[in-house]
Amino acid sequence: MIKIASWNINSVRLRMPIVERFLKEQAPDVLSLQEIKTVEELFPYDAFNALGYTHHAVHGQKGYHGVATVSRIPLKEISRHNWQDNGEARHVGVELLGAGQGMVLENVYIPAGGDIPDREQNVKFGQKLDFLERMTRWADTVDRPTMIVGDFNIAPLESDVWGHKQLLKVVSHTPLEVETLKRFQDAHGFVDVGRQHIRDPERYYSWWSYRSKDWRVNDRGRRLDHMWASPELAAATVGHQVFEDCRGWEKPSDHVPLVTEIDL
DNA sequence: ATGGCTCATGCTATGAGA
C-alpha cells in the first residue's frame, strides 16, 4: 500500500507548521507540493528529513511557482518539463522506486491563466491553453503506469464549483478550458481518481478564496486540484480523501491536500 | 461581490493569484 498526497501550499517556508501537522496526522508516503515559492537552496529540507521524508525532488524558482515532491520511500527525479515554454518551474517528475513494480509520479502546477478567458485579450490565457497542448503531446507518449497530480487550475464538472452558471465565463471553469483539459486526459486515458471515489454530482472542492469572509459558510469553492492515474494504476486505488479541515488551520493555504491510497 | 485577502520582493508599493 502506498499513500500519495498533493497540496498547493502557497509558500512552503511560511506553511511548514501546517505541513508538519498534516504529515504527522496523515502520514502519507509521498507528498507533492505546488507553489513552494522558493529557490531550491532555501527549501526546508531539514524539517522534512526530521519527519522521515528524506527523499526530495525540488524544482524551485525565486518568489513564484515552484514544485517539490518529498518522500519516505526512495525516488529518482526523471524530468522537469518546460510546458510553459518560458522556464517557469511548474513540473517535476519522479520514479517511485519502492512502489510495487515502480510507478511514475508527475507533479504539475498548470498556470492560472489570468482574468479574461480570451487569448487575443489576455496572453496568460493563451499560455494556459498552450501549456495544456504541450501536456497533451507528452501524454500521448506515456507508456508506463503514471500518476499526475497537482494544481490543474481547472474545475471541469458542474459539481466541481459552487455555481456552474455563475462561473461559465470565469477562468478555471470555461467550456474551452474543460475541453482542452479533456483532450489531455484522453491522450493517455488518464482516470480522474478523485471522481472515481467521490462520484459526480457529489460536491467536491479543493480551493476557497482568501477573500471570502467565512469560507466555510459561503462555501464558494472550486475543485482546482487533481490526482489522475493510468487505467491500471487507477484500478489499484483503494481510497481517496480531501482534507477540507486544513483550510481552517492556522495560516492556511487557500488549497487543501488530497490523498490517494494505492494497493501495489 | 472579478474581489472583500494573502503571498514574495524589498521600491514601506507592486504584481500575482483564480
Side-chain angles (χ1 to χ4, degrees), chain A residues 6-19 33-44 58-68 83-84 86-91 107-119 121-132 150-178 180-181 203-226 242 244 246-258:
Chain A
S6 177
W7 197 359
N8 179 320
I9 202 61
N10 187 11
S11 175
V12 69
R13 288 179 292 168
L14 199 65
R15 233 54 92 185
M16 274 318 286
I18 62 170
V19 171
L33 296 166
Q34 301 86 40
E35 280 204 89
I36 61 173
K37 294 189 174 180
T38 181
V39 290
E40 284 143 50
E41 292 73 21
L42 297 176
F43 187 81
V58 182
H59 187 187
Q61 181 178 333
K62 183 182 173 75
Y64 300 101
H65 324 307
V67 293
W83 287 322
Q84 177 79 342
N86 64 0
E88 289 180 2
R90 293 179 175 275
H91 169 269
N107 176 5
V108 66
Y109 174 45
I110 296 177
D115 286 334
I116 304 167
D118 178 350
R119 70 158 70 227
Q121 297 178 59
N122 169 17
V123 171
K124 289 180 182 177
F125 191 72
Q127 285 178 327
K128 183 178 195 176
L129 298 176
D130 294 344
F131 192 106
L132 286 159
D151 179 0
F152 290 12
N153 269 316
I154 297 173
L157 304 178
E158 292 189 22
S159 53
D160 292 336
V161 295
W162 62 269
H164 169 63
K165 284 181 181 165
Q166 293 93 326
L167 292 172
L168 274 171
K169 292 180 179 173
V170 173
V171 173
S172 74
H173 192 60
T174 64
L176 178 55
E177 288 168 275
V178 174
T180 307
L181 183 66
R203 169 194 167 287
Y204 181 174
Y205 310 146
S206 67
W207 172 88
W208 293 260
S209 171
Y210 282 126
R211 300 186 193 210
S212 178
K213 277 186 170 60
D214 190 331
W215 69 278
R216 216 185 268 280
V217 170
N218 294 331
D219 199 26
R220 295 199 164 184
R222 305 178 204 170
R223 184 171 72 113
L224 302 179
D225 302 274
H226 299 270
V242 49
E244 282 191 26
C246 296
R247 185 64 180 78
W249 288 1
E250 194 79 15
K251 294 280 285 178
S253 170
D254 44 357
H255 297 252
V256 297
L258 314 182

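So that the names make sense, note that chain A is the first sequence line, chain B the second, and so on, each numbered from 1.
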Rounded to whole angstrom, note down the C1' distance from B/dG15 over to B/dG10. 13 Å
Counterpart residues, side chain to side chain donor-acceptor pair (under 3.5 Å), relative to A/Glu88 (two or more places apart): A/His65, A/Gln84, A/Asn86, A/Arg90
Give me the distance, rounded to whole Å, that separates B/dA16 from B/dT2 when you measure between the C1' atoms they each carry. 14 Å
Between A/Glu250 (CD) and B/dC7 (P), how many Å, whole number? 11 Å
Selection residues 207-216 of chain A - residue pairs positive for salt bridge (charged side-chain N to carboxylate O under 4.0 Å, His left out), sequence neighbours left out: A/Arg216-A/Asp245
Side-chain N,O (A/Arg15) to OP1/OP2 (B/dC7) below 4.0 Å: yes
Remember a base hit wins even if backbone is also touched, and classify A/Ser11 as base, sugar-phosphate or nothing at under 4.0 Å, heavy atoms. sugar-phosphate
Residue mapping more 5' on DNA chain B - nearest nucleotide basis, A/Ser212 or A/Pro252: A/Ser212
Hey, is the side chain of A/Lys251 poking within less than 4.0 Å of OP1 or OP2 on B/dC7, counting only N and O atoms? yes
With P as the reference atom in both, quote the distance from B/dA1 to B/dG17 in angstrom, rounded to an integer. 25 Å
On a whole-Å scale, what distance lies between the P atoms belonging to B/dA18 and B/dA8? 14 Å
Which pairs, protein N/O on one side and nucleotides 14-18 of chain B N/O on the other, fall under 3.5 Å?
residue, atom, partner, partner atom, Å
B/dG17, OP2, A/Lys124, NZ, 3.3
B/dG17, O6, A/Arg211, NH2, 2.5
B/dG17, N1, A/Arg211, NH2, 3.4
B/dA18, OP1, A/Glu35, OE2, 3.2
B/dA18, OP1, A/His255, NE2, 3.3
B/dA18, OP2, A/Tyr109, OH, 3.0
B/dA18, OP2, A/Asn153, ND2, 3.1
B/dA18, O5', A/Asn153, OD1, 3.4
B/dA18, O3', A/Arg222, NH1, 3.0

Looking only at side-chain N and O atoms, does A/Arg220 come under 4.0 Å of OP1 or OP2 in B/dC5? no
Pairs involving residues 157-168 of chain A, ordered by first then second residue, that meet salt bridge (charged side-chain N to carboxylate O under 4.0 Å, His left out) (sequence neighbours left out): A/Asp160-A/Arg195, A/Asp160-A/Arg223
Quick one: sort the A/Trp207 and A/His255 rings into parallel, tilted or perpendicular, breaks at 30° and 60°. tilted
What residues form a side chain to side chain donor-acceptor pair (under 3.5 Å) with A/Trp215, not counting sequence neighbours? none
For A/Lys124, all residues meeting side chain to side chain contact (heavy atoms under 4.5 Å, CB included), sequence neighbours excluded: A/Asn122, A/Gln127
